[in-house]
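Worksheet: the structure to be examined is printed underneath.
Protein chains get the first letters and strands the later ones, always in sequence-line order, with residue 1 at the start of each.
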Amino acid sequence: MAISDTVRTRFAPSPTGYVHVGGLRTALYNYLFAKKHGGKFILRIEDTDQTRLVPGAAENIENVLEWAGLIPDESPRRGGDFGPYTQSQRLHLYKHYCEQLIAEKKAYYCFSTPEELEEVRKLQQKQGLQPKYNRKWLPESMGGSMPESKIKEALDSGIPKVVRMKVPDGITIKVHDVIRGTVEFDSAVVDDQVLLKADGFPTYHLAVVVDDYLMKITHVIRGEEWLSSTPKHVLLYEFFGWEKPVYAHVPLLLNPDRTKLSKRQGDVAVEDYIKKGFSRDALINFVALLGWNPGSGSEQEIFTLEELHEQFSLEHVGKSGAIFNLEKLSWIEKEHIRRKSDKELANLIRPILSDALKTRQTELPIETIMSEDYLIAVAREMKERVHFIHEFVTFSSYFFFEPETYEEEAVKKRWKENTNALLLAFSAQLEALPAFTASEIESALKSFCESKGIKTAEMVHPIRLAVSGASFGPSLFHMLEILGKDAVCRRIKRATERLKAEPTTA
RNA sequence: GGCCCCAUCGACUAGUGGUUAGGUCACUUCCCUUUCAAGGAAGCGGGACGAGUUCGAAUCUCGUUGGGGUCACCA
């Protein structure tokens with residue numbers, strides 16, 4: 001295991017559609033491990049199943065990785081010295097190595113039809129046996145019962161054939177895994193796996209070994225579902241006489257009922273979470289923590305990608321599956337928002353607002369609400385109250401749009417007989433304020449309430465309702481300052497008109 | 001079913017023979033507060049079970065149970 005070269009890891013998905021969040025985590029761990037050791041992170045597309053190809057899926061995978069900030073050093077799009085990085089473009093290589101195996105009597109041709117194999121399998125299952133290839137076509141020269149002449153005959157006739165690896169009998173295959181230790185398999189439980197399919201494409205097992213070798217992959221970090229087929233891969237490395245990579249099988253991501261995370265029980269595609277408004281920072285942070293922790297002494301929960309680089313280590317990856325918990329993800333999202341500067345947030349809000357303005361009219365000057373100063377002010381007031389960036393525009397829409405409705409319950413509770421009159425009277429005082437700042441507004445309200453002999457709460461709540469339509473939100477006086485005198489007075493007037501008929505319940 | 005993996009609060013986890021078993025999310029209560037948050041304080045709640053090793057086990061061993069993965073010309 002003397003790996004003297006630089007660390008090279010890879011993410012090797014098949015292009016069958018979306019990117020699974022479990023896949024994102026696998027990609028992340030590979031990326032982090034490579035970066036941590038000054039190595040390279042490679043993306044390889046495993047499109048050896050012609051029947052499952054989804055157009056555009058490979059492109060999509062690379063887009064999602066880029067969205068996540070996990071930029072591969074080598075990939076189909078970016079190229080590299082070990083390409084091509086798409087397996088369907090490497091068919092000649094698999095064929096070449098397969099022929100080598102046949103010549104060395106480590107693999108053999110098999111002409112059994114899929115129907116025939118299915119029948120054998122059924123029979124074995126009926127008898128309570130492990131379904132396995134019956135070695136019908138294993139040549140006599142390799143310890144089987146098929147005469148060489150028959151094989152030659154079949155070969156010459158051109159009937160469809162596959163190539164199978166010959167698993168040695170009676171040996172123990174050891175898989176060394178940095179997460180799980182040494183796992184042993186009896187070769188009797190390993191099937192003579194098909195290496196090359198009838199259509200000339202390799203199976204995963206051949207392709208992964210050949211490519212990992214040729215691409216000089218040093219560490220194979222992948223999902224636990226691969227652990228039980230790893231002995232096949234180990235055997236192939238031994239057949240070829242190649243140095244094996246270091247294996248690390250990471251635990252699975254689970255549904256709330258502890259079954260493997262699946263589409264049925266919620267969203268599994270990274271794209272789904274992007275659509276919901278989750279940021280790359282939060283998703284990466286969350287997924288990193290599902291199965292990994294910074295180790296004893298550290299209680300850090302919020303990480304940037306850069307911090308993960310520095311701290312990641314395979315030693316702190318756990319062994320048991322982890323449930324994908326939306327609540328914690330949401331909390332992490334919120335924490336990441338809080339850690340951003342107001343200016344950063346302003347720049348994130350602007351496109352969302354711009355989008356909203358396409359379908360919604362605003363009574364405020366567009367130059368004002370789209371300005372950096374305005375958005376920074378909104379960000380400052382709202383950053384501790386939102387869970388998603390888009391909530392700056394939806395949750396606190398009153399910063400950008402006049403309220404159309406007023407919370408019914410709150411109006412019932414806060415609107416009294418004299419509320420409209422008081423509001424109008426105070427509004428007139430606001431008009432006259434020389435400086436429309438939070439502190440000026442606050443002292444104006446205090447003295448106003450004193451002069452009227454009422455509690456400030458009797459004004460504070462109605463004003464908030466009149467201006468925002470909501471019973472909750474940021475500091476009232478700061479909110480008013482941001483909105484500006486014109487908008488505030490206009491909205492107060494509008495509210496008194498609209499809520500005129502309501503005071504009976506008070 | 002065979003083989004393999006796994007097992008600490010509801011969830012994510014720290015812990016590697018001696019700890020009052022710690023933290024975070026969620027939940028509850030209190031404080032702060034014009035609201036909502038945020039913040040502060042507290043609470044709730046845990047080593048699947050049974051043996052063994054040991055002066056001493058969440059930590060080591062074995063068994064049981066439970067969960068998961070895998071048994072394709074899919075990855």
Which residues, if any, of residues 439-451 of chain A bring a heavy atom under 4.0 Å of RNA chain B? none

Quick check: any donor-acceptor pair below 3.5 Å linking the side-chain of R180(A) to the base of C5(B)? no

Nearest-angstrom distance, P atom, C9(B) to G15(B): 16 Å

Under 3.5 Å, is there any donor-acceptor pair linking the side chain of K328(A) to the base of U24(B)? yes

Using the C1' atom as the point on both nucleotides, what is the distance between A57(B) and G52(B), in whole Å? 12 Å

Counting only side-chain N and O atoms of N325(A), is one of them less than 4.0 Å from OP1 or OP2 of C12(B)? no

Identify, residue by residue, the members of residues 466-478 of chain A with a heavy atom below 4.0 Å from RNA chain B, and return them in order of residue number, or none. S471(A), F472(A), G473(A), P474(A), S475(A), L476(A), F477(A)

Considering only U34(B), C73(B), C25(B), which nucleotide approaches the side chain of V162(A) most closely? C73(B)

Under 4.0 Å: is that the gap between some side-chain N or O of R385(A) and OP1 or OP2 of A38(B)? no

Any strand: nucleotide that pairs with U28(B) via Watson-Crick or wobble, under 3.5 Å: A42(B)

Quick one: which of G15(B), C5(B), U35(B) gets closest to the side chain of H316(A)? G15(B)

Students often get this wrong, so: under 4.0 angstrom with heavy atoms, is G291(A) touching a base, only sugar-phosphate, or nothing? sugar-phosphate

With both distances under 3.5 angstrom, what nucleotide forms a Watson-Crick or G-U wobble pair with A37(B)? none

Below 30° counts as parallel, above 60° as perpendicular, anything between as tilted: where do the rings of F312(A) and Y29(A) land? tilted

Listed pairs, N/O of protein and of nucleotides 39-42 of chain B, under 3.5 Å:
| unit_1 | atom_1 | unit_2 | atom_2 | d |
| --- | --- | --- | --- | --- |
| G39(B) | OP1 | R338(A) | NH1 | 3.3 |

Phosphate OP1/OP2 of A38(B): any K334(A) side-chain N/O under 4.0 Å: yes

With sequence neighbours excluded, residues passing side-chain contact (heavy atoms from CB on, under 4.5 Å) with L326(A): Y273(A), K276(A), F324(A), L329(A)

What nitrogen or oxygen pairs link the protein and nucleotides 61-63 of chain B at under 3.5 Å?
none

Answer with base, sugar-phosphate or nothing: what part of the nucleic acid does E46(A) contact at a heavy-atom distance below 4.0 Å? sugar-phosphate

Ranking A72(B), A11(B), A75(B) by distance to the side chain of D49(A), first place goes to A75(B)

Apply ring pair (Phe, Tyr, Trp, His ring centres under 6.0 Å) to the pair H233(A) and Y204(A), showing each step before the final yes or no. CA-CA 10 Å; H233(A) 309 158; Y204(A) 171 83; 5.7 Å; yes

Between the protein and nucleotides 67-71 of chain B, list every N/O to N/O distance that falls short of 3.5 Å.
| unit_1 | atom_1 | unit_2 | atom_2 | d |
| --- | --- | --- | --- | --- |
| U70(B) | OP1 | K260(A) | NZ | 3.2 |
| U70(B) | O4' | S228(A) | OG | 3.1 |
| U70(B) | O2' | S228(A) | OG | 3.3 |

Of the listed U34(B), C4(B), C25(B), the closest approach to the H461(A) side chain comes from U34(B)

